Amino acid sequence: MHKRVFYTPLDFILISLLLAAAGYVFYRIAFHLDYSWNWHVIPQYLFRYDVERGRWVSNYLIDGLVTTIRLSLWAGILALVLGFFFAVMRLSSSLFLRLFARCYIELMRNLPPVVIIFLFYFFLADQFLPLLHLEQVVSRLPPPLQRIEEFLFGDPAILSPFVSAMITLAAFESAYVAEIFRAGIESVENHQREAAYALGLKNHQTMRHIILPQALIRVLPPLSGQLISLIKDSAIVSVISIQELTYQGTQLMASTYMTIEVWTTIALLYLLLTFPCSVMVSYLESRFARS
Amino acid sequence: MNENASGLKSQVQPIVVVDSISKSFTHNVKVLDNVSTRVTKGDVLVIIGPSGSGKSTFLRCLNGLEDIDQGTILIDGIPLDDHEKNRLKIRREVGMVFQSFHLFPHMTVLENVNLAQKLVRKKSKIEATQLSKDLLQKVGVDDKAAVYPNELSGGQQQRVAIARALALMPKIMLFDEATSALDPEMIGEVLDVIRDLANDGMTMVVVTHEMGFAREVSDRVLFMEHGCVIEEAPTERFFQQPAQERTRAFLRKIL
């Protein structure tokens, strides 16, 4: 359903004023800013020509983008799984499970993400993950599996930090995901449970066939929104030297001093990731609003 | 009344036995106060009474949707107690139809009717679909099998809900004001279906405000007020010579 759009003279005046203001700002930046623009050096940080291998390869920024994608994807999946279980625990009939999930969720939602990242990272990366010897495990894999590993998780040499960053991100995003799931499950009207009860369904059957299908459709838009948040929040792990997009940005800026160019490019790259997700969310919302 | 004296023993055995059950929502308000009744197999018991008299709550106690504080309920010989196994058995023998249908909105009409057959009776999809089609035809909505509930009228939805409950082949059917949420022109089509069920010999407990229907379809009538049973009697006697003054007052108001 489209509303007809009417333009009034006031709209034209306001739009003209805005355009004039934007034009003036642009004019000042273009001709009076004390900043020497060096846009032409940016493309080489996206892709560079590798002379030894004789072909184009990705450079810092694209590498960072790929790491961000990998990180968001795996952290997102893990957060969905963890979040789902925390939501189910939160609604469990066992007091212990309820309290445990509640504590976890409240803790995660009431601490600054950076603090959580430092806490988790130094525990996971320094103490816990070395016990698993991930790098050694990967180096013993047959080459085809190693290539798959590299495609999915990036450079095997830095697998441990990557995994701990992934777990850390998932750990605090899962608290938000859990609350979304919980709200979705609770939003399914009680009479649906009653109807299932009267039909002789067991609790887990009611959950799986009646409650979850309806809850999942309702939480899809907020869940996708949370995924966008996760992509943006993944920038935080740059503080623990994960070489994702933001980290690469800080490095590049430190070596080139091209602040505005670098950060504009990085902003555009993030938009490249998040904007399609936003469009997808609105699409999902309108689709489910209809059915 | 000796017309069905042959084979009386199995007929007379009550399938629903309710013995002095009580229930309060808060400490002060008793919604059910010492309610007892029996329903014989194949009989239709209609429960009437003013709003808030506890008749819906009583009905919901019969399959354990509401817990009781005191008393005992026996369904087909199984006690409705805290044992999950007994509860499950009873839930699978007792079909229920709600005031606002409560169909599953994310499933088609056919899937709604198939679901419990597959999950509870462990039938294959083909077997389940066969019975579902028969039932949908019986309630007159077989042309809507592939449609989602929200595309149906209230009357059609309620008929699907009846088919869904029947799909488990229940021994007893509970109707909780099954026509109260319907537009007047759709009440008839749902009552027709319930009437057919009664004629087929289904044991039913029906909460309704449709007095004409109650009189026509029921074998016994139970009148409740403030959570108490005021009077229970065979239908003709109930309507023609009610014993209690409060019953007479109620009937005067609504007839």
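Each chain gets a letter, A, B and so on, in the order the sequences are listed, and its residues count up from 1. Since we're looking at a predicted model, the values are computed, not measured.
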Should the heavy atoms of other residues, nucleotides or ligands under 6.0 Å from [atom1] of [X] be counted, would the total exceed 12?
X	atom1	result
Asp200(B)	CG	yes
Arg208(A)	CZ	no
Leu95(A)	CG	yes
Phe100(A)	CZ	no
Lys133(B)	NZ	no
Arg195(B)	CZ	yes
Asn203(A)	CG	no
Lys122(B)	NZ	yes

- Criterion side-chain contact (heavy atoms from CB on, under 4.5 Å) on Val120(B) and Leu199(A), from CA distance to verdict: CA-CA 8 Å; Val120(B) 176; Leu199(A) 281 175; 5.8 Å; no
- Just give me the residue among Ser100(B), Ala165(B), Pro105(B) that pairs up with chain A most often, heavy atom to heavy atom, under 4.5 Å. Pro105(B)
- Among Leu103(B), Val97(B), Leu119(B), Asn63(B), which has the most heavy-atom pairs under 4.5 Å with chain A? Leu119(B)
- Message: Main chain of His209(A), side chain of His106(B): is a donor-acceptor contact present, judged purely on distance under 3.5 Å?
- Response: yes
- Task: Report yes or no: does Tyr197(A) contribute a side-chain atom to a donor-acceptor pair with the main-chain N or O of Gly64(B) at less than 3.5 Å?
- Result: yes
Got [X] and [Y] here, is their nearest side-chain heavy-atom distance under 4.5 Å?
X	Y	value
Phe101(B)	His191(A)	no
Ile210(A)	Met107(B)	yes
Arg60(B)	Glu194(A)	yes

Which bit of [X] is near chain A, if near means a heavy-atom gap under 4.5 Å: side chain, backbone, both or neither?
X	result
Arg164(B)	both
Leu168(B)	side chain
Phe98(B)	side chain

- Query: Which value, rounded to the nearest 0.5 Å, describes the distance between Lys202(A) atom NZ and Arg91(B) atom CZ?
  - Reply: 9.5 Å
- Euclidean distance, Thr206(A) OG1 relative to Phe104(B) CZ, rounded to 0.5 Å: 7.5 Å
- Do you know the tightest heavy-atom contact between Gln205(A) and Arg92(B)? OE1-NH2, 4.5 Å
